[in-house]
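Written below as structure tokens is the structure these notes are about.
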Amino acid sequence: MEQNAAPISELTFRQAMSELTGIVNVLEGNTLELEDSLKQYERGVALLAELQKRLAASQQRVDTLMGQIQPEHDDHAQDTTVS
């Protein structure tokens, strides 16, 4: 991790995604020394974990909101779908 890299929790989703993309590009370029590659890889793993956590939380919020606008399933409602 760079000395001046912002804490991951302070990054916006877009900033974290952009940084992760940059890390992937640098690692794929195979230009870093082993130690620097490991530091970048560690930062990338941390960024990925944070992004996945934020996506899961956002999906949960969307599911909750969708549940608020969709009517409750009525067991007594007639199925009008064609088989």
request  = Apply salt bridge (Lys or Arg N to Asp or Glu O under 4.0 Å) to Glu42 and Lys39, showing your working.
outcome  = CA-CA 5 Å; Glu42 288 174 350; Lys39 288 178 186 176; over 6 Å; no

In a table with atom names and distances, give each donor-acceptor pair under 3.5 Å that connects a side chain of residues 5-16 to protein atoms at least two apart or in another chain.
from	atom 1	to	atom 2	distance (Å)
Thr12	OG1	Gln15	N	3.0
Thr12	OG1	Gln15	OE1	3.3
Gln15	OE1	Thr12	N	2.8

Could you list the donor-acceptor pairs under 3.5 angstrom formed by side chains in residues 58-67, with sequence neighbours left out?
from	atom 1	to	atom 2	distance (Å)
Ser58	OG	Arg54	O	3.0
Gln59	NE2	Asp63	OD1	2.8
Thr64	OG1	Gln60	O	2.9

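A pairwise comparison of heavy atoms in Gly44 and Leu20 identifies O-CD1, 3.5 Å as the closest pair.
The side-chain contact (heavy atoms from CB on, under 4.5 Å) test applied to Thr21 returns Asn25, not counting sequence neighbours.
From Ile23, atom CD1 reaches atom CD of Gln40 across 5.0 Å, with rounding to the nearest 0.5 Å.
Both Val45 and Leu55 belong to a single network of hydrophobic side chains, linked directly or stepwise wherever heavy atoms of I, L, V, M, F, W or Y lie under 4.5 Å apart.
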